[in-house]
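One structure coming up, written as structure tokens, with questions to follow.
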Amino acid sequence: MALIVQKYGGTSVGTIEKIKKVAGRVARTRDMGNDVVVVVSAMAGETNRLLGLANQLSELPNERELDVVASTGEQVTIGLLSIALSEMGYPARSFTGFQIPVLTDSAHVKARIRNIEGATIQSALKKGEIAVVAGFQGIDETGAITTLGRGGSDTSAVAVAAALSADVCEIYTDVDGVYTTDPGICSDAQKLERISFEEMLELASLGAKVLQIRAVEFGMKYGVRIHVRSSFNDNTGTLVTKEEEIMETAVVSGVAYNKGEAKITIVKVPDRPGIAAKIFKPLSDANIVVDVIVQNVSVTGHTDLTFTVGRSDYKKAMMTTETVAKEIGADKVVGNDKIAKVSIVGLAMRSHSGVATKVFETLGAEGVNILGITTSEIKISCLIEEKYTELAVRVLHKAFGLGKPANA
Ligand code: ASP
Ligand code: MG
């Protein structure tokens with residue numbers, strides 16, 4: 001007998017009919033002799049509706065109160081699902097974040113979990129009940145309700161699984177699992193059987209649609225096996241797990257892309273200690289997240305420095321950078337806000353040579369110019385012009401043999 005945590009997202013509990021289906025699946029898991037803890041999101045669209053109500057009253061609602069409002073969506077679904085289960089003859093008990101409690105910091109709207117008390121849920125399980133837990137919500141030291149950020153129920157589920165040392169955390173969603181790339185771009189993209197936490201984090205742009213990144217970080221830290229699967233069928237999905245549990249030998253697991261990037265270059269930066277800090281401090285002070293940073297080797301006492309930011313931060317970042325550029329005596333600042341980043345990710349890259357060369361040759365053969373390159377141990381990312389994104393993804397996916405065999 002196993003302890004299974006199941007998380008159902010908004011689309012899986014979007015209507016009463018769907019809640020009944022979820023109850024059916026939970027009941028089946030119970031019938032197989034497992035202890036079951038269910039974590040649910042609000043019904044599809046509900047969190048947006050609640051936030052919209054608050055926004056009708058204020059452009060910038062008080063975040064403490066916003067959390068009070070937004071957290072109610074999950075309270076509705078835990079009650080409804082528990083009723084549905086009881087109706088089917090399965091004793092169930094609902095728990096809000098503060099009843100457990102799920103202790104978080106006080107960063108309203110994006111709180112982080114500090115601790116989950118397992119005893120409350122465990123005593124329900126001991127009585128033979130199914131525990132139904134509200135995702136997304138917690139409570140801070142002062143007793144205020146907090147929420148974990150959009151998509152936060154995934155993190156709730158993985159954290160609950162960690163607190164209870166569950167055997168697996170199943171994340172039920174509207175897709176079958178994690179794919180080798182966006183099936184919208186490559187129709188032959190394949191579902192991955194298994195993927196490591198590390199790869200999943202690096203594939204953020206693919207995976208984030210499926211699983212909140214913070215949930216993956218939590219899983220990695222506490223070694224929680226996460227099974228991402230569809231709530232609309234019984235297919236096994238993708239198991240996100242420790243590297244040791246992965247047998248695959250493919251060099252590359254997936255091709256990810258991110259379109260919304262912008263690139264800023266400072267030309268002829270004086271090459272002196274402390275300059276990079278001078279450039280990036282004002283950006284971090286302005287809460288701008290810098291992604292890729294590339295600096296040339298200096299030959300004449302000057303270097304060119306290029307970095308990328310999210311496109312929505314582009315204007316702010318340009319202004320900030322122009323000011324610093326003047327201060328440090330750089331030549332000029334040039335930018336381009338139509339940049340994409342295409343990445344290949346794979347654990348086996350660590351022990352294979354020639355992977356980078358293959359990426360560059362593949363893009364080169366298609367006339368795709370590489371504007372910047374960064375690598376980590378298990379990832380190679382190229383900055384390219386946004387209009388080439390789909391082409392780059394397609395040729396890389398093919399070059400590394402990730403597509404389904406033609407007649408499979
Ligand atoms: N209901 C919350 C949201 O829509 C949390 C979640 O669904 O994971 O973001
Ligand atoms: Mg989600």
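The figures here come from the full heavy-atom set of this structure, side chains too, leaving out hydrogens, waters and symmetry mates. Just so you know, residue 1 is the first one in the sequence shown, and it goes up from there. Whatever order the structure lists ligands and atoms in, that order sets their numbers, starting from 1.
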- Message: For ligand 1 and K7, I'd like to know whether there is a polar contact (N/O to N/O, distance under 3.5 Å).
- Response: no
- Query: Does G73 have a non-hydrogen atom less than 4.0 Å from ligand 1?
  - Reply: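 G73: no contact with ligand 1 (<4.0 Å).
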- Query: Is a side-chain donor-acceptor pair under 3.5 Å present for T180 with H397?
  - Reply: yes
- Just by distance, with hydrogens left out, do E199 and S253 show a side-chain donor and acceptor under 3.5 Å apart?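 Their side chains do contain a donor-acceptor pair, which is all the 3.5 Å distance test asks for.
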- Member of D291, N258, T308 meeting the side chain to side chain donor-acceptor pair (under 3.5 Å) criterion with K341: D291
- Is there a nitrogen or oxygen of G151 sitting under 3.5 Å from a nitrogen or oxygen of ligand 1?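 Among all N and O atoms of G151, at least one is under 3.5 Å from an N or O of ligand 1.
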- Message: Would you say the ring centers of F232 and Y172 fall short of 6.0 Å from each other?
- Response: no
- For ligand 1, is there an atom lying under 4.0 Å from some heavy atom of E74?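 A heavy atom of E74 does come that close to ligand 1.
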- Polar-atom distance check: T47 versus ligand 1, any N or O pair below 3.5 Å?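 Checking ligand 1 against T47, an N or O pair does fall under 3.5 Å apart.
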- More than 12 foreign heavy atoms under 6.0 Å from NZ of K191: is that the case here? yes
- Using a strict cut-off of 4.0 Å, indicate which atoms of ligand 1 neighbour a heavy atom of R150. 3 (C), 4 (O), 9 (O)
